[in-house]
There are 2 protein chains.
Amino acid sequence: MVARKRGNPLALAVLGLLWERPMHPYEMATTLRERGKEHSIKINYGSLYTVVQSLEKHGLIEPQEVTREGRRPERTVYALTEPGELEMQSWLSELIGVPVKEYTSFEAALSLMGLLPPDTVVTLLEQRRERLTLTLHTIESMLRKLDMSRAFLIESEYHQVLLRAERDWIDGLVKEIRDGTFEDLALWRRLHEERDRG
Amino acid sequence: MVARKRGNPLALAVLGLLWERPMHPYEMATTLRERGKEHSIKINYGSLYTVVQSLEKHGLIEPQEVTREGRRPERTVYALTEPGELEMQSWLSELIGVPVKEYTSFEAALSLMGLLPPDTVVTLLEQRRERLTLTLHTIESMLRKLDMSRAFLIESEYHQVLLRAERDWIDGLVKEIRDGTFEDLALWRRLHEERDRG
DNA sequence: CCCCGAATACTCTGAGCCGAGTATTCGCCT
DNA sequence: AGGCGAATACTCGGCTCAGAGTATTCGGGG
């Protein structure tokens with residue numbers, strides 16, 4: 001058998017859930033939503049069922065029983081196999097222990113920002129800054145009224161840290177462009193002025 | 001015509017390149033690599049050619065001429081259309097001005113870290129910390145010997161800021177788990193000990 | 001007691017993306 | 001002269017993913 005390709009983290013979440021107890025796919029989705037994991041892991045039905053199929057194909061999970069309640073569609077309850085438990089541990093260990101470069105669309109946008117004139121960029125950055133602050137406030141107030149135990153909040157704590165770092169950095173950048181400290185600002189501006197005339 | 005679906009940022013980069021001058025796909029790839037954009041935008045041939053096709057289909061770029069050098073394969077040179085220029089500006093503006101949640105695999109992993117025993121997690125986090133520091137050093141020394149103008153480095157400056165924020169946060173987390181300050185640590189540990197015996 | 005909307009439990013299709021593979025040519029080294 | 005690796009310029013098939021669509025049932029209001 002070929003080495004499993006570790007793609008969608010949703011598959012890892014599935015392994016995690018089955019580590020606790022057997023479940024059918026739909027229940028996995030709702031359980032994940034109840035626990036608020038949808039904010040850190042993208043869940044959607046299409047992917048969920050493909051992912052479960054692929055895990056079964058690789059022998060990491062196996063159908064335990066097929067039940068039916070009333071005349072609802074059948075539910076296949078899956079259980080974790082032993083290879084599945086090992087895979088879950090090794091995969092999760094890799095995700096935590098080995099950083100991988102993730103391509104964000106904002107980083108891409110920054111690398112192309114020279115395509116817009118400086119003043120436009122400043123306006124947009126300020127817009128982003130405001131929106132980030134708003135998101136941050138929303139998260140903070142959500143957490144305050146939720147008051148779950150720390151272990152469930154780790155991921156959103158991390159998320160907040162990154163958001164704040166981004167906001168502060170944008171702040172600095174905006175100031176530099178505004179007061180002309182930004183290197184090659186003149187060049188940048190000239191380029192767009194020429195283009196506008198030409 | 002249906003509204004274009006703004007997917008792959010590589011398409012935006014293509015629009016950006018054609019804003020400067022007409023080019024054929026292979027040249028786009030090499031130009032982007034020369035400028036080091038491959039670090040902020042994922043480039044691969046498969047996607048590049050699909051993306052160019054789709055841009056042409058939507059009238060944002062158009063073939064200008066088909067040349068041939070020696071007996072190499074033909075090269076189709078594309079140029080930006082006016083709708084293409086507008087789309088590039090509005091798309092880039094959106095990417096800068098409107099933050100969108102991006103799902104990183106580390107955030108997913110954090111939300112599942114309870115599946116591993118605390119001591120394992122600490123070891124893994126320390127591993128990650130070391131690797132992050134290493135990456136940071138590599139980037140710093142690359143930038144030092146590269147000495148390009150600021151405008152070309154913005155994206156990697158941003159990247160560094162995020163890496164540092166992550167590293168510092170991990171530092172704090174590790175300390176909390178180590179010295180027992182971490183909330184519900186006992187519960188977490190007990191859960192795994194029971195499981196080991198059971 | 002009947003209707004409507006929410007919840008249950010998936011299924012399906014098309015689009016997008018990846019990256020290994022292909023075929024040719026240039027240039028350098030011996 | 002000829003052979004080999006790097007560069008040129010794409011192509012192709014398979015896999016994944018999104019998310020809208022489907023069919024059924026339960027619960028509550030009038």
Side-chain angles (χ1 to χ4, degrees), chain A residues 1-14 17 22-34 38 41-58 60 63-78 100-103 105 108, chain B residues 1-14 17 22-34 38 41-58 60 63-78 100-103 105 108:
Chain A
M1 170 146 4
V2 258
R4 227 184 71 69
K5 202 182 137 199
R6 289 170 176 177
N8 199 334
L10 181 55
L12 180 57
V14 166
L17 286 171
M23 262 185 219
H24 58 96
Y26 189 80
E27 194 187 355
M28 299 175 194
T30 49
T31 309
L32 288 173
R33 294 224 163 87
E34 265 170 32
E38 40 162 9
I41 301 169
K42 213 185 240 157
I43 303 166
N44 79 36
Y45 291 115
S47 311
L48 178 59
Y49 288 89
T50 349
V51 140
V52 165
Q53 240 178 67
S54 145
L55 289 174
E56 182 185 354
K57 198 180 70 193
H58 289 86
L60 304 177
Q64 211 194 22
E65 49 167 353
V66 178
T67 69
R68 169 186 286 245
E69 228 161 84
R71 264 198 284 150
R72 296 256 186 74
E74 286 182 350
R75 303 173 308 178
T76 309
V77 176
Y78 291 89
V100 294
K101 207 226 173 307
E102 322 244 11
Y103 295 84
S105 55
Chain B
M1 172 149 359
V2 256
R4 230 183 69 67
K5 201 181 138 197
R6 289 168 178 178
N8 199 334
L10 182 54
L12 180 57
V14 166
L17 287 170
M23 265 186 218
H24 58 96
Y26 189 80
E27 193 186 356
M28 297 173 195
T30 50
T31 308
L32 287 174
R33 292 223 164 85
E34 267 169 30
E38 39 161 9
I41 301 170
K42 213 185 243 154
I43 302 167
N44 80 33
Y45 290 114
S47 310
L48 178 60
Y49 288 90
T50 347
V51 139
V52 165
Q53 240 179 69
S54 144
L55 288 175
E56 182 186 353
K57 198 180 71 193
H58 289 87
L60 304 177
Q64 210 194 22
E65 50 168 350
V66 179
T67 69
R68 170 185 286 246
E69 227 160 85
R71 262 200 284 144
R72 298 257 186 75
E74 286 182 348
R75 303 173 308 182
T76 309
V77 177
Y78 291 89
V100 294
K101 206 224 173 308
E102 322 245 9
Y103 294 83
S105 54

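When reading the values below, keep in mind they use all heavy atoms of this one structure, side chains included, and skip hydrogens, waters and symmetry mates. All of these numbers come straight from a predicted model, not from anything done at the bench. Letters A, B, ... are given to chains in the order of the sequence lines, protein chains preceding strands, and every chain is numbered from 1.
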Atom [atom1] of [X] to atom [atom2] of [N]: distance rounded to whole Å?
X	N	atom1	atom2	result
A:Met23	C:dC10	CE	P	13 Å
A:Arg33	C:dA9	CZ	P	14 Å
A:Gln53	C:dT11	CD	P	9 Å
B:Tyr49	C:dG19	OH	C1'	14 Å
B:Leu48	D:dC10	CG	C1'	10 Å
A:Tyr78	C:dC10	OH	C1'	11 Å

Worksheet item: Is B:Val52 close to B:Thr76 at the side-chain level, that is, under 4.5 Å between some pair of heavy atoms?
Response: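 Heavy-atom side-chain distance check fails, nothing below 4.5 Å.
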Worksheet item: Any side-chain N or O of B:Tyr26 under 4.0 Å from OP1/OP2 of D:dC10?
Response: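 Checking B:Tyr26 against D:dC10: no side-chain N or O falls below 4.0 Å of OP1 or OP2.
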Discussion item. Is the phosphate of C:dT8 approached by A:His24 (side-chain N or O, under 4.0 Å from OP1 or OP2)?
Written reply: no
Is [X] reaching over with its side chain to a backbone N or O of [Y], donor-acceptor style, under 3.5 angstrom?
X	Y	value
A:Asn8	A:Ala11	no
B:Thr50	B:Gly46	yes
B:Gln64	B:Pro22	no

Practice prompt. Any chance you could list the contact pattern along nucleotides 12-20 of chain D? Use B for base contacts, S for sugar-phosphate-only contacts and - for none, protein heavy atoms under 4.0 Å, 5' to 3'.
Written response: -----SBB-
Worksheet entry | Approximate separation, where rounding is to 0.5 Å, of A:Lys42 NZ and A:Leu48 CG |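 One finds 15.0 Å between NZ of A:Lys42 and CG of A:Leu48.
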Worksheet entry | Minimal non-hydrogen separation, A:Met28 against A:Val14, with atom names | SD-CG1, 3.8 Å
